[in-house]
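To start, the structure itself, in structure tokens.
All chains are named by letter (A, B, ...) in the order of the sequence lines, taking the proteins before the strands, and each is independently numbered beginning at 1. Just the heavy atoms: all of them, side chains too, but no hydrogens, waters or symmetry mates, feed the values below.
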Protein chains: 2
Amino acid sequence: MSPRGQQAARAVSQPAQQSVRRPTVQDVAREAGVSPSTVSRALHTRGYASPDVRARVRAAAERIGYVLDHNARNLRSRTSTSIGVLISDLRNPFYADLAAGIEEELRAAEYQMVLVNDNGDPAEEMRAAETLLAMRVPGVIVTPVTAKCPRVLQENGVHVVCADRELGRSNGDVVMSDNKAGARELTDHLIALGHTRIGLLIDETKWSTGAGRLAGFRAAHLDNFVDLDEDLIAYTSFDADAARETTRKLLNEHEVTAIISANNVLAQGALAELKDRRLRIPRQISLAAYDDVPWMSLVQPALTTVDQHTVELGRSCARLLLARIRGDLPARRRIVRVPARLIVRGSTGPAPRG
Amino acid sequence: MSPRGQQAARAVSQPAQQSVRRPTVQDVAREAGVSPSTVSRALHTRGYASPDVRARVRAAAERIGYVLDHNARNLRSRTSTSIGVLISDLRNPFYADLAAGIEEELRAAEYQMVLVNDNGDPAEEMRAAETLLAMRVPGVIVTPVTAKCPRVLQENGVHVVCADRELGRSNGDVVMSDNKAGARELTDHLIALGHTRIGLLIDETKWSTGAGRLAGFRAAHLDNFVDLDEDLIAYTSFDADAARETTRKLLNEHEVTAIISANNVLAQGALAELKDRRLRIPRQISLAAYDDVPWMSLVQPALTTVDQHTVELGRSCARLLLARIRGDLPARRRIVRVPARLIVRGSTGPAPRG
DNA sequence: ACCGAATGTGGCATCGATGCCACATTTCGG
DNA sequence: CCGAAATGTGGCATCGATGCCACATTCGGT
């Protein structure tokens with residue numbers, strides 16, 4: 001009775017405990033003395049049922065402990081109340097907050113969140129997309145790793161909202177922080193403090209997040225008539241150790257009076273390096289970050305940041321997707337920019353005198 | 001054609017874009033020249049299919065872009081590969097890490113995580129349980145808010161693993177940190193540094209988490225022959241501001257040379273108060289916390305903590321639940337204790353001299 | 001050679017809820 | 001008063017995949 005080994009790795013489960021048979025609409029119908037069709041209409045669906053019948057059916061359902069079967073409903077009605085959410089790392093507070101905002105809005109609308117952590121890996125992302133197609137979800141919110149994922153979903157009739165960034169030129173909805181404006185405001189703040197040698201720690205510029213932040217950094221220099229030394233734009237990979245190493249090299253090779261870190265992970269590395277060198281913040285060097293996560297207000301001195309309102313970003317994603325699913329929107333794609341807000345704390349101060 | 005207002009608040013969605021008809025097993029059967037039964041067996045289920053037929057069916061499925069429908073599969077097979085996960089606050093790094101570990105293990109086993117944030121609210125928790133029953137999930141991992149939720153799920157034939165804590169006396173599986181041993185080790189550490197006046201900041205002791213941490217605190221005093229002043233056990237509500245106020249009162253009313261905070265949220269409040277008072281850590285007062293989240297190693301001085309290995313806790317929950325679902329375990333309930341580990345950093349030092 | 005077990009295929013009913021529509025009754029507007 | 005629209009009910013097919021089993025063939029052991 002053992003199948004060929006080829007099947008061994010697939011998810012196999014025993015049915016939920018066998019002795020538990022759940023009441024169906026047939027049972028409710030018998031209990032209430034109406035037809036199964038009437039039960040369905042009285043409990044859930046569009047269509048007519050008199051107030052008296054509704055009350056009778058509801059009482060009967062409650063009496064016998066009836067619980068709808070989403071699988072049956074989804075199959076017949078050809079849709080689902082599950083929404084896919086693809087993020088890059090649940091352990092990063094940015095994504096955790098994003099997911100929190102999304103989940104909150106979905107729950108309020110009686111949708112369920114199916115959360116997948118693709119680890120920023122293109123293969124995992126596509127695997128997740130396939131799974132969500134199999135689940136027949138009507139919509140997906142994705143922090144895209146490749147342009148392929150949103151496209152495949154859309155080609156299969158699934159509504160997609162890209163969160164935080166878009167890749168390439170898609171034709172779908174996007175919700176993101178106003179990266180350029182936020183980075184510009186932060187850089188303005190430092191320039192107003194007298195800084196003309198500002199390092200930028202950044203991991204990527206091919207995604208709209210990094211690109212927007214870099215653009216804001218550049219624009220602030222331009223608008224304030226401050227020359228930008230291209231060597232102060234320091235590229236690093238997306239982990240705190242690499243960022244720390246890059247900060248070390250930046251400080252060793254260049255005169256810098258302030259550092260902007262393009263996200264919370266890089267900020268960790270930069271801070272660790274400054275502490276290691278026993279540099280006094282902000283007296284000797286100012287440090288600021290794009291994103292605001294809890295530790296940034298707990299360190300001493302607390303970090304000046306740009307708050308992306310990440311939870312609100314998540315809520316906005318969910319609201320947009322739900323409106324799209326309900327057909328409340330015109331076909332034209334929508335780009336929602338959530339304003340970012342500068343939060344000045346103790347880590348930024350006047351540029352040291354030469 | 002408008003239904004009565006009573007239906008207006010329910011989740012209503014348009015089918016995924018209408019013009020997209022998905023290929024079914026009937027289509028694959030035609031393409032491969034076999035029966036639909038054979039398609040099903042060749043692609044997914046237990047049962048026999050020859051290697052030649054398997055290859056032919058797979059090629060046909062790929063050619064026409066066939067994607068399984070989980071709803072149909074779940075309905076017929078009376079189970080599902082979705083797993084419910086109920087947590088209390090996705091914005092708290094503890095729960096985010098827990099969910100991350102769970103998701104990782106589920107994904108590897110080709111299960112999907114349906115994540116609900118119940119906000120530690122009993123009503124929300126029960127609502128989530130109802131939804132998961134409707135989805136016919138075979139298992140749920142829950143950080144329980146009430147004893148009712150695990151019970152109702154189990155009565156309906158759903159396997160349950162309680163994470164982090166158990167309420168009352170349930171008969172289900174539990175995975176938790178070894179709270180007592182961890183708290184004891186932390187308290188031992190402070191006593192070994194000469195502290196005899198150790199404050200404990202704690203928000204609850206009715207759950208096994210708080211109760212275990214308190215028990216460890218007491219046991220360390222007893223075993224080291226240090227008298228425990230009951231007034232140094234300071235109760236507070238579960239938010240950083242309340243913890244801060246409670247810390248203030250504790251310091252105003254009692255001589256204390258060290259503070260243990262029972263979780264990461266309370267530690268935030270305590271740290272803020274110590275900083276406000278400009279107390280020198282650890283020279284004037286030591287601070288330690290149960291739980292280890294990123295900010296704790298980033299503040300100055302870095303906090304001495306007990307690392308719950310929260311991601312591993314999550315993995316362990318998922319592995320246990322999957323084993324239960326697969327019928328790999330004897331009926332007897334299982335309690336898994338994940339060892340906690342003391343991490344000594346700069347925030348704890350010798351007790352100040354009288 | 002014979003028999004039982006294993007392998008393999010196809011037919012058909014099944015899972016539980018809803019879409020669709022025929023039919024009946026009531027309400028509303030001209 | 002009459003016709004159209006709205007309200008309400010029940011019957012039956014449908015959604016897409018799999019469980020179950022009858023039947024056929026092959027393989028291994030005696």
Side-chain angles (χ1 to χ4, degrees), chain A residues 1-7 10 12-16 18 21-30 32-54 56-57 61 66-81 133-136, chain B residues 1-7 10 12-16 18 21-30 32-54 56-57 61 66-81 133-136:
Chain A
M1 199 55 236
S2 170
R4 294 194 172 237
Q6 293 170 339
Q7 299 298 326
R10 304 306 298 257
V12 177
S13 66
Q14 298 196 21
Q18 306 270 25
R21 179 195 165 275
R22 304 278 187 80
T24 66
V25 283
Q26 319 293 334
D27 301 310
V28 179
R30 259 188 302 272
V34 297
S35 76
S37 289
T38 301
V39 170
S40 186
R41 280 195 317 277
L43 289 182
H44 303 295
T45 66
R46 299 162 297 183
Y48 304 107
S50 71
D52 170 58
V53 167
R54 282 188 197 277
R56 213 160 79 228
V57 168
Y66 167 75
V67 177
L68 172 65
D69 186 332
H70 277 200
N71 293 308
R73 184 200 61 184
N74 295 344
L75 182 61
R76 184 65 191 86
S77 61
R78 309 181 71 125
T79 191
S80 170
T81 52
L133 288 177
M135 292 178 81
R136 300 305 195 260
Chain B
M1 198 56 235
S2 170
R4 293 192 173 240
Q6 294 169 337
Q7 300 297 325
R10 305 306 297 260
V12 177
S13 66
Q14 298 195 22
Q18 305 271 25
R21 182 196 164 274
R22 304 278 186 80
T24 67
V25 282
Q26 318 295 336
D27 301 311
V28 179
R30 261 190 298 273
V34 296
S35 76
S37 289
T38 303
V39 169
S40 186
R41 281 197 318 276
L43 290 182
H44 304 294
T45 66
R46 298 162 298 184
Y48 304 106
S50 71
D52 171 57
V53 167
R54 283 189 199 276
R56 213 160 79 229
V57 168
Y66 167 76
V67 177
L68 172 65
D69 186 333
H70 277 200
N71 293 307
R73 184 199 61 184
N74 295 345
L75 182 62
R76 184 64 191 87
S77 62
R78 309 182 72 124
T79 192
S80 169
T81 53
L133 288 177
M135 294 179 79
R136 300 304 194 262

Roughly how many Å is it from [atom1] in [X] to [atom2] in [N], rounded to a whole number?
{"X": "A:R30", "N": "C:dG16", "atom1": "CZ", "atom2": "P", "value": "12 Å"}
{"X": "A:R73", "N": "D:dG16", "atom1": "CZ", "atom2": "C1'", "value": "17 Å"}
{"X": "A:R22", "N": "C:dG16", "atom1": "CZ", "atom2": "C1'", "value": "12 Å"}
{"X": "A:D52", "N": "D:dG8", "atom1": "CG", "atom2": "P", "value": "11 Å"}
{"X": "B:L133", "N": "C:dA17", "atom1": "CG", "atom2": "P", "value": "13 Å"}
{"X": "B:N74", "N": "C:dA17", "atom1": "CG", "atom2": "P", "value": "14 Å"}
{"X": "B:H70", "N": "D:dA17", "atom1": "NE2", "atom2": "C1'", "value": "11 Å"}
{"X": "A:L68", "N": "C:dC15", "atom1": "CG", "atom2": "P", "value": "17 Å"}

Sorted by chain and number, sequence neighbours left out, salt bridge (Lys or Arg N to Asp or Glu O under 4.0 Å) with A:R56 holds for A:D52

Heavy-atom distance under 4.5 Å between the side chains of [X] and [Y], does that happen here?
{"X": "B:R136", "Y": "B:L75", "answer": "no"}
{"X": "A:V34", "Y": "A:V57", "answer": "yes"}
{"X": "A:Y66", "Y": "A:V39", "answer": "no"}

Please check the phosphate of [N] (OP1 and OP2 only) for any side-chain N or O of [X] closer than 4.0 Å.
{"X": "B:S40", "N": "D:dA17", "result": "no"}
{"X": "B:Y66", "N": "D:dG16", "result": "no"}
{"X": "A:R78", "N": "D:dG16", "result": "yes"}
{"X": "B:Y48", "N": "C:dG8", "result": "no"}

List the residues meeting side-chain hydrogen bond (donor to acceptor under 3.5 Å, both in side chains) with A:S40, not counting sequence neighbours, and say none if there are none. none

side-chain hydrogen bond (donor to acceptor under 3.5 Å, both in side chains) partners for B:T24, two or more places apart: B:D27

Pick the nucleotide of DNA chain C nearest each of B:V53 and A:V39; which residue has the one closer to the 5' end? B:V53

Name the closest nucleotide to the B:S50 side chain, picking from C:dG8, C:dC15, D:dA17. C:dG8

Could I get the full list of side chain to side chain contact (heavy atoms under 4.5 Å, CB included) partners for B:N74, not counting sequence neighbours? A:N71, B:H70, B:S80

Considering the terminal five base pairs at each end of the helix from C:dA1-D:dT30 to C:dG30-D:dC1, what angle separates the two local helix axes, rounded to 10°? 10°

Polar-atom pairs under 3.5 Å, protein N or O versus N or O of nucleotides 11-13 of chain C: list them with distances, or write none.
from: C:dG11; atom 1: N7; to: B:S37; atom 2: OG; distance (Å): 3.2
from: C:dG11; atom 1: O6; to: B:S37; atom 2: OG; distance (Å): 2.6
from: C:dC12; atom 1: N4; to: B:S37; atom 2: OG; distance (Å): 3.3

Looking at A:D69 and A:R22, is any side-chain nitrogen of the basic one under 4.0 Å from a carboxylate oxygen of the acidic one? no

Are A:T79 and A:R73 linked by a side-chain donor-acceptor pair shorter than 3.5 Å? no

